[in-house]
Structure formats: structure tokens, C-alpha cells
Amino acid sequence: MPRVEQDLALAVRKAVRKAQQKKELPRFEVPEVPIERPKSVEWGDYATAVCLASARWAKMAPMDIAAQVVKRFPKTDWLAEITVSHPGYINFTLATGWLQEQVEAILAQGERYSDIDLGQGKRVQVEYGSANPTGPLHMGFGRNVVIGDTLANVLDAAGYQVQREYYVNDAGTQMGLFAESLFARYAQALGEPIQLPEDGYQGEYLACWGQEIAEEHGREFLEAPREQALEALKRIGLEEKVLGSIRADCEALGIRYDNWFHETSLYSEGQFETTMTMLRQRELLEAREGAVWFTASTLNDQLKDEVVIRSSGEPGYFASDIAYHYNKLVERGFDWVIDVWGADHQGHVPRMKAMMGALGLDPDRLTLLIYQLVTIKMGGEDIRLSKRAGTMVELGELTREVGADAVRFNFLSRATESQMEFDVDLAKEQSDRNPVYYVQYAHARIASILREAEARGCSPTGGDVTLLAHPAELALIRKMIELSAVIEKAAVNLAPHHLTYYAQELATLFSLFYRDCRVLPRKTGEPGVTTDKTAARLKLVEAVKIILARTLDLMGMSAPERM
RNA sequence: GCCCCAGUAGCUCAACGGAUAGAGCGCCGGCCUUCUAAGCCGUAGGUUGGGGGUUCGAGUCCCUCCUGGGGCGCCA
């Protein structure tokens, strides 16, 4: 895996020091050396503005500093040209030979060519999904699971050891309400005139599940004591119905999990007691108004105190979150924990950070990744989603109608901090023109070329990559080596949306190559392509297939051989 | 009232503090006897919500105002 940016930054730093030793530059502290990709080819493959930033410390014109740095730049075989341009940039152009070698390197290293070692094996847990388990996932949660799953892929590629977790909130009042609602639907299915609780879950899905349970179990739960019946329905509803549907929806979208963590286990295994004791010892708990409070206001006057144990004796959600995160960071010892949360939970972030401090943990070990909520447009109207009111579009339904790859791409192509509108009608209607198909089409075309090559007996074996000198070929190679930088950017900023843009750019460059450079000899007439060039281009095309497939894989999408 | 996020082309959205702000969709016009036309080429479209400031340099950082979304519960 090439680390061009890092090598360049180091070399620039070295050159400045050398020039300073030779008294060609005055002594000054070298600032961070930013390496960027210029927008125009006339500025080379990479550029740095470090001389512009240094000008005020060096008390010299940026152009003059740049000239001195270039003079002392260490010799390398992978750079062809180093130039200076106004108002003081240093521009670097990669050697053609080095670029061509990367094709061989990609073929040799395969899909892991672009992986980096940013994480150095650190153990990170990404928790995503984790909706209240009281019904099927709605569309809005698609954004949550797609961001989380893709981020996990990216961090894995960036050298972290990743665990993917779903937190099942199977304790608390919402579950109780769910059980009562399900009981009512079950009873109604058997002809009993039992009303839904006032704040109960109204969704159609509960009526279906009630019906199913009535068919499977008959009047069993009507005859049982109410408490016992509610417990049984809660268990059946949660394990069989809710989690069953969530697992199915995730699977349909290609969302993977390594672990499903049940909230109730925090109580049954003593985790909850342990953390409460810790907080008590640190004098952060206070009994007041019949409840027990976490006195966050003593830690930070921006914060309000928070109830941890309600006057009913039941722990509140914040209490279980403390225990849960203690479990992740201390008991299970993850170096870093990332929770993917919707913007409706943002108010919870400062409390969680304060809680980390209260437990004596470094707050940076916990990242709360907040994504802005999705607004749904259907039939030209904005729809408000509410599971309890039953107005929802189910994620599974969306996946069936629009297709998993298109759904993922749609949710993925926006930065997490920007609001997005999902126009369901447009997504269905335009599924053929969705950019995801553009990327997949490029992959399918490559597969087609390779099939055709085999049928005609053309082979890449012995292909000489130094024949790959056409501008379209070199542009493709340049884009391929960029994937490492994209993975890094996505991992550092927790911004998986960069992948979608990269994928489109790579596909575009392949399309241009396809237009300008024939791979296989023409069947009839001339001019054709020499055998040498065919072999070299087959190597290039195979490499592109690897990088494109890897990019699609990181986004959790399929790389079709035919379309 | 206080806190968080956003405001960029007709629409949906990009842009590590860097050079001339970019894509897709949509509009209009071209290109299939040749490896997949789900493709390619061309045209049009912008005072980056308004106003100040910091900086060699601001869509990006700071202040302020306006607009939209979210939060401020013994729900999660």
C-alpha cells in the first residue's frame, strides 16, 4: 500500500531542515506540511502550500522559500518532477514508471492493496441500529445502519480491529407498553374486546403479530394470569417478531453484526449494580424527590442533573447507558467505542461525556456520531414518521421496492451532519438511473471484457505495464492509488460518504478509458490493437476491477459480473 | 429562552483553511455494422442566506442576524 502523502510530507520537512542547515533558509519552526491533490493536472499530482504558511515566520516571500526547498529536496525514483507555482506552491508529479508498477502491485496484493494501518490493531466497537425493539425498523433507521455498517468496513480497512454491535433495549417502560399493545392485538384476534393502551403502539404490524400468535398459541395467554401473559408476549414479541424482522431487514440490506447485546443482561449479570456503586463512591448520586439522581451539575455547570433510578424503583435509560458503556470500555476493554445516533439523541451527548469523566475514563474513547434525521417525501408530501402512531414506511419494504444497493448508496452519499430528504417515489422511479448502477455498470463492463478475452484466447500473462502510457490509462492508475487516501479521510473524519464520490470518479475514468483505449483486438479490419498492448491493458483492467470491487464492497454493495 | 446541525446551480448533494466552487438528476442538442448506449460528447445554469471580523488565503474559522431541522421528560 503506497503512502505517497506521508512520504511527501516527510521529504518536504527534510528539505526545509537541510536548507536551514545550509543557511539558505532562516531558522523557523516548520508548520504541519499539508499535502493536497490539485484540481488541475497542470499543478501535478500533489501539492503543498507549506511555503505560504511559513512566509510570516521565515520573513521571506513564499516563492523564494519554495525555490530553496525544491533545491534541497531528496532524490526519489517515484517523482518525475518538482516545480514551484504562484503564489508559492510546490507541485509534485509522480513518475510514470512508478505509476505503471502500481498495476502489478494491485494484481499482486489484491483487494487489500488500499488498506492502511491507521488503527494499528486498536480494538474499536461500532454500535448502530439499536432502535427501540418495539416494531420493524422504519426507513429513517436505514441511514443509521448504513452509516454504521459502512463505517465499520472503513475502519476495518484502516487497520482497526472492529466489532459491530446491536444494543437491544429490552428493558424499561417502552417494552412494557409494547407487551400490552401486543396483548390487546392478540386478544382482538381472538374476538376479545380489549382496547389498545392509550399510548400504545398503533402500527398495523402489531395486528399481524397478534394474529400470528393467536393462531400459534390459541387462547393460552388469555387464560393465563395477566402478568404471566404479558411476560410471555413480551418475550415472543421481542425475540421472534421484532428481532426476527430487524435481523431480516438488516440481512436484506447487507448489514452485518457480530454481537447482539441485551440491556437486560446488565441487570442479570450485576453490571448495573457495579456502576451504581462506583458512582455512589464518587458521591455523584443523590436521593431527591423519591428518585436517585446523577449530579452532573456538580461536574459541569452547563449540565443538568439526571434521574438514574426513578421513584418507581426502575432504572432510567441513562442509568443503563452508564452501565452499558462501562461494560464496553472497561469490562470488554475496547480502546474506542463509536455509537451511531440520530439527531434526536444529541441532547444526550454532553451527559455521556460527563459520565465518562465520572467513571474516570478518557472521554475521547467514546465517540457519539450524530447524523441528522431523514425526512421522507412520498406522493409529493413530507411524512412524519412515528412508530407509536403507526405512520411509518418500513425499511424492509423500501429495500424490496428500491433494491438494497440503491438504498445503501442513497443513504451513504450524504455527509452525516447534513439533513437529507428521501423522496421515495423518486428513488423507485429513478432506480435505473441511480449513480450506484453507473458504478456497477463499469464493473460489469470490465467483467465482460475479461470474459471476451478468455473466449478469444487473449491473456494478460507477460503483459508489459510500461506500455500503459495513454493519458486515460495513467489517469485511471492515479485514481486507483487514491483509494488509500479516501479510506483514511473516511476513517479519520468518520465520513463514509467520501466512498460514494470516489466510486463515481473511478467509474467515470474507466468509461473514458473504455472510450479511448481498446483492450481487445477488433474482430475484423484494422487498425487493431497489438498483442502486447492487449496483454498490458488486460492487466490494467483487472486491477481496476479489483479496486472498483473493493470500493463497492466497502460500501456494502454488490459488484455484478453482468448487468 | 437556551443548546446541537444545516443553508452552495432549477432539484438532491460534494468540496484536509488553499489555486478557476464541482457531481448526479432535470432541460436542450449530438454519438451504437467495432470489448455491454445502465455509456460517451456538447450547451445552459452561482454575489456559497445577509452583514461584520481573523488570515498570505474563507463556502470552510469567529461574532451577529435571518430561515429550516432536532433537542431541552422520573421516554429512549
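In the text below, chain A, chain B and the rest are named by the order of the sequence lines, each starting its count at 1.
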Which residues share a side chain to side chain donor-acceptor pair (under 3.5 Å) with A:S459, sequence neighbours left out: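 A:T461.
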A:Y441-B:rG39 aromatic stacking (under 5.5 Å, under 30°):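 No; centroid distance or tilt outside limits.
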Aromatic stack A:Y438/B:rG39: centroid gap under 5.5 Å, interplanar angle under 30°: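 A stacking contact does not exist, since A:Y438 is not both close and nearly parallel to the base ring of B:rG39.
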[N] pairs with, by Watson-Crick or G-U criteria that keep both distances under 3.5 Å:
N      : answer
B:rA21 : none
B:rC61 : B:rG53
B:rA9  : none
B:rC72 : B:rG1
B:rG42 : B:rC28

Base versus backbone protein contacts along nucleotides 1-12 of chain B [heavy-atom cut-off under 4.0 Å; B, S, -]: ---BSS-----S
Pairing of A:D532 and A:R537 as salt bridge, 4.0 angstrom limit: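 Looking at A:D532 and A:R537, the cut-off is not met.
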For [X] and [N], what is the distance between atoms [atom1] and [atom2] respectively, to the nearest whole Å?
X      : N      : atom1 : atom2 : value
A:Y514 : B:rC31 : OH    : P     : 19 Å
A:N410 : B:rA14 : CG    : P     : 12 Å
A:Y437 : B:rC25 : OH    : P     : 14 Å
A:I487 : B:rC16 : CD1   : P     : 18 Å
A:Q440 : B:rA37 : CD    : P     : 17 Å

[atom1] atom, [N] versus [M]: distance in rounded Å?
N      : M      : atom1 : result
B:rU54 : B:rG46 : C1'   : 26 Å
B:rU36 : B:rC31 : P     : 22 Å
B:rU8  : B:rG59 : C1'   : 7 Å
B:rG30 : B:rG69 : P     : 44 Å
B:rC65 : B:rA76 : P     : 36 Å
B:rG51 : B:rG71 : P     : 32 Å
B:rA21 : B:rG57 : C1'   : 15 Å
B:rG7  : B:rA15 : C1'   : 16 Å

So, does [X] get its side chain near the phosphate of [N], meaning an N or O under 4.0 Å from OP1 or OP2?
X      : N      : value
A:R515 : B:rG39 : no
A:R518 : B:rC35 : no
A:S413 : B:rC13 : no

No-H, no-angle donor-acceptor pair, A:S448 side chain to B:rC35 base, under 3.5 Å: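 Check fails, no donor-acceptor contact within cut-off.
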Side chain A:Y317 and base B:rA76 donor-acceptor under 3.5 Å: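 Indeed there is one.
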Lys NZ or Arg CZ of A:R445 over A:Y514 ring: under 6.0 Å, within 45°: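 The answer is yes, since A:R445 meets both limits relative to A:Y514.
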Nearest to the side chain of [X], which nucleotide is it out of [options]?
X      : options                : answer
A:A415 : B:rC40, B:rC35, B:rA14 : B:rA14
A:Y501 : B:rC35, B:rC13, B:rC74 : B:rC13
A:A47  : B:rA19, B:rG70, B:rC40 : B:rA19
A:H497 : B:rC35, B:rU20, B:rA15 : B:rA15
A:A53  : B:rA76, B:rG70, B:rG18 : B:rG18
A:K304 : B:rU36, B:rG73, B:rG70 : B:rG73

Validation row, ring centre A:H470 to ring centre A:F513 under 6.0 Å: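 Centroid distance A:H470-A:F513: not below 6.0 Å, so no.
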Upstream residue (5' side of RNA chain B) when A:R288 and A:M563 are each assigned their closest nucleotide: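 Here A:M563 is the residue nearer the 5' end.
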5'-most by nearest nucleotide on RNA chain B - A:N91 or A:H345: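 Closer to the 5' end of RNA chain B: A:N91.
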Show me, pair by pair, the donor-acceptor contacts under 3.5 angstrom made by side chains of residues 54-70 of chain A, not counting sequence neighbours?
from: A:S54; atom 1: OG; to: A:V50; atom 2: O; distance (Å): 2.7
from: A:Q68; atom 1: OE1; to: A:K71; atom 2: NZ; distance (Å): 3.4

A:T150, A:T500, A:V145, A:V146 screened by side-chain contact (heavy atoms from CB on, under 4.5 Å) with A:F411, the one that passes: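 Of the listed options, the one satisfying the test is A:V146.
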Syn/anti label of B:rC16 as read from its glycosidic torsion, with the cut at 90° from 0: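 In terms of base orientation relative to the sugar, B:rC16 is anti.
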Heavy atoms of other groups near A:E454 CD, more than 12 under 6.0 Å: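 Not buried by this count: 12 neighbours or fewer within 6.0 Å.
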Greater than 12 external heavy atoms within 6.0 Å of A:E32's CD: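 Result for CD/A:E32: open.
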Nearest non-hydrogen partners of A:H497 and A:S413, listed with the distance: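 Heavy atoms of A:H497 and A:S413 come nearest at CB-C, 4.1 Å.
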